[in-house]
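Contents: one structure, followed by commentary.
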Amino acid sequence: MTSTAAGPGPVLKCIVWDIDNTLLDGIYLESPDQPPQADPELTAVLRELAGRGILQALASRNPPEAAAWVQQATGLEFAAAECGWGSKAESIGRIAAELGLELESFAFVDDDMLERAEVAAALPDVLVLTPEDAAEAPGWPQFSPRVITAEARRRSDLYAERRRRQAAAAAFGGSRDDFLRQAGTRITIGRAALADAPRLHELSVRTHQLNSVGEPIAATELASLISSPGHVVATVTLADNFGDDGLVGAAIMTGKASAVMTAPAIMMSCRALGRGALDALLAWLCRTAASTGATEIQVPCLVTERNVPMRLALAAAGLRAEPGAAAAGGRALFARSVAGELPALAGWVTDRDAP
């Protein structure tokens with residue numbers, strides 16, 4: 001173990017596993033007639049952590065058939081698999097890019113000391129573990145999210161659906177909107193219920209690329225805002241022919257009628273990136289502000305290296321950063337008039353609160 005794994009730290013989002021003598025009780029290529037069986041202890045760890053919403057992936061010096069065998073032997077569908085003869089650090093980097101996650105949210109498990117050392121040196125943000133460490137990991141805080149939502153329990157399936165969707169999009173010859181239409185995209189936006197508070201808290205913790213506030217919001221605070229007549233808390237659900245992603249986004253907006261309405265928090269799962277959900281939410285916020293008689297909407301947005309996609313989406317929705325926008329680590333105020341023409345809602349968007 002290259003760091004104090006049982007110490008404090010953020011909850012990890014993905015574990016990348018070696019195959020030979022780690023997830024399998026033996027070496028795949030040395031048993032051509034009957035591949036080794038899955039290690040029962042680590043298979044139990046896989047299932048436990050997957051049930052907590054932590055993604056599982058593979059990085060192994062093996063042919064792709066080894067990943068298929070591990071999936072069959074463990075009965076678990078992995079979110080990503082990199083099998084080949086190159087650097088495992090490079091494999092982990094590709095997995096992070098494919099899943100849209102930061103390296104600091106990864107752990108890597110391998111029985112080989114040299115492989116662990118290479119990954120630890122090349123990717124210092126990744127938590128590197130032995131199989132023995134991994135067997136104890138379910139008891140550590142980094143692997144123990146405080147809230148486990150229905151979306152979390154399905155996260156591995158959701159990423160598998162994402163992979164199939166991306167493959168279909170790559171093969172599609174038309175525009176993004178044409179693909180979203182063909183894929184049967186269904187986006188629903190409406191006011192949150194109290195039962196949504198745990199999932200909204202989870203979004204505030206896990207989202208970084210599409211997050212304007214940059215810090216967790218407690219479920220108790222969210223419940224209070226949902227009940228407050230002075231605020232509007234909106235949720236976004238997303239589904240298509242490939243699967244149902246559930247609740248993927250949310251926004252908080254001051255609800256009192258005034259000339260300027262403010263949205264102090266907007267957040268969206270990275271699974272929704274490029275699927276029209278954030279565009280729809282921003283359009284809905286503009287239209288909702290206008291319906292109260294407001295003439296302007298403002299979104300204070302934390303400026304970080306990670307949330308560039310959020311700031312680009314704000315600009316695409318017609319919100320412009322005021323002169324003297326904050327530097328990294330500060331907040332920029334994005335604003336636009338809602339007195340004139342408003343952004344339209346696409347045909348696949350349903351406003352649940354519309355009369």
Side-chain angles (χ1 to χ4, degrees), residues 1-31 35-63 66-96 98-99 101-145 155-156:
M1 183 168 63
T2 60
S3 62
T4 308
V11 174
L12 299 179
K13 297 180 180 179
C14 184
I15 306 177
V16 181
W17 299 83
D18 173 45
I19 289 178
D20 293 332
N21 291 321
T22 302
L23 284 182
L24 294 185
D25 277 333
I27 299 175
Y28 178 80
L29 286 177
E30 291 184 359
S31 309
Q37 295 300 306
D39 178 281
E41 184 175 24
L42 293 184
T43 296
V45 171
L46 276 176
R47 292 181 173 279
E48 173 63 27
L49 297 182
R52 298 179 186 182
I54 298 173
L55 298 173
Q56 311 297 311
L58 297 171
S60 176
R61 297 184 190 276
N62 265 304
W69 170 250
V70 171
Q71 187 163 290
Q72 178 182 335
T74 60
L76 187 77
E77 186 166 13
F78 289 83
E82 286 281 334
C83 287
W85 313 110
S87 160
K88 288 188 179 178
E90 293 177 0
S91 293
I92 294 170
R94 288 192 293 271
I95 290 170
E98 178 183 343
L99 300 180
L101 300 176
E102 307 85 12
L103 285 168
E104 66 185 32
S105 66
F106 277 74
F108 171 64
V109 185
D110 199 307
D111 70 300
D112 189 300
M113 179 177 64
L114 294 179
E115 297 282 17
R116 296 197 304 272
E118 187 261 339
V119 169
L123 305 174
D125 290 337
V126 174
L127 180 64
V128 179
L129 306 174
T130 66
E132 292 75 21
D133 294 329
E136 301 176 2
W140 297 345
Q142 292 101 319
F143 299 90
S144 304
R155 192 161 284 129
S156 291

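Sequence positions, counted from 1, serve as the residue numbers for this chain.
- For the pair A79 and E98, the tightest heavy-atom approach, listed with the atom from each and the gap, is O-OE2, 4.0 Å.
- Between the side chain of R61 and the main chain of G86, a donor-acceptor pair closer than 3.5 Å is present.
- Judged by distance alone, the side chain of R155 and the main-chain N or O of I54 form no donor-acceptor pair under 3.5 Å.
- Side chains of L23 and T43 form no contact here, defined as non-hydrogen atoms less than 4.5 Å apart.
- Side-chain atoms of L123 and F106, non-hydrogen and from C-beta on, never get closer than 4.5 Å to each other.
- For the residue pair E118 and S87, a side-chain donor N or O sits within less than 3.5 Å of a side-chain acceptor on the partner.
- S60 is not listed as a side-chain neighbour of W85, based on a closest heavy-atom distance of 4.5 Å or more.
- Here the OG1 atom belonging to T22 is positioned 8.5 Å from the CG atom belonging to D112, to the nearest 0.5 angstrom.
- Looking only at distances, a side-chain donor or acceptor of R47 sits under 3.5 Å from a matching main-chain atom of T74.
- At least one side-chain heavy atom of L29 sits less than 4.5 Å from a side-chain heavy atom of N62.
- Here salt bridge (Lys or Arg N to Asp or Glu O under 4.0 Å) pairs that include residues 14-26, with residues two or more places apart or in two chains, are D18-K88.
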Side chain to side chain contact (heavy atoms under 4.5 Å, CB included), that's the test. Do W140 and D133 meet it? Break it down for me. CA-CA 10 Å; W140 297 345; D133 294 329; 3.8 Å; yes
Yes or no on side chain to side chain contact (heavy atoms under 4.5 Å, CB included) for V119 and D110, after CA distance, side-chain angles and deciding distance? CA-CA 10 Å; V119 169; D110 199 307; over 6 Å; no
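- Annotation: the span from I92 atom CD1 to F108 atom CZ amounts to 5.0 Å, rounded to 0.5 Å.
- To the nearest 0.5 Å, atom CZ of residue F143 and atom NZ of residue K13 are 14.5 Å apart.
- The heavy-atom pair separating V16 from A59 by the smallest distance is CG1-CB, 3.5 Å.
- The side-chain contact (heavy atoms from CB on, under 4.5 Å) test with F78 is passed by exactly one of V70, L55, I95: V70.
- Closest of all the heavy-atom pairs between A135 and E41 is CB-OE2, 3.5 Å.
- For the atom pair CG (L49) and SG (C14), the distance works out to 11.0 Å, reported to the nearest 0.5 Å.
- Here the closest non-hydrogen pair linking P138 and S144 is O-OG, 3.4 Å.
- Across all their heavy atoms, D111 and R116 have their closest contact at O-NH1, 3.1 Å.
- Heavy-atom minimum distance, L42 versus D39: N-OD1, 2.8 Å.
- Taking 4.5 Å as the limit, every side-chain heavy atom of S91 sits out of range of all side-chain heavy atoms of L58.
- Residues that satisfy the salt bridge (Lys or Arg N to Asp or Glu O under 4.0 Å) test with R52, not counting sequence neighbours, are E48.
- By the 4.5 Å heavy-atom criterion applied to side chains, L24 and P35 are not counted as neighbours.
- Side chain of W17 to backbone of P131: no donor-acceptor contact under 3.5 angstrom is found.
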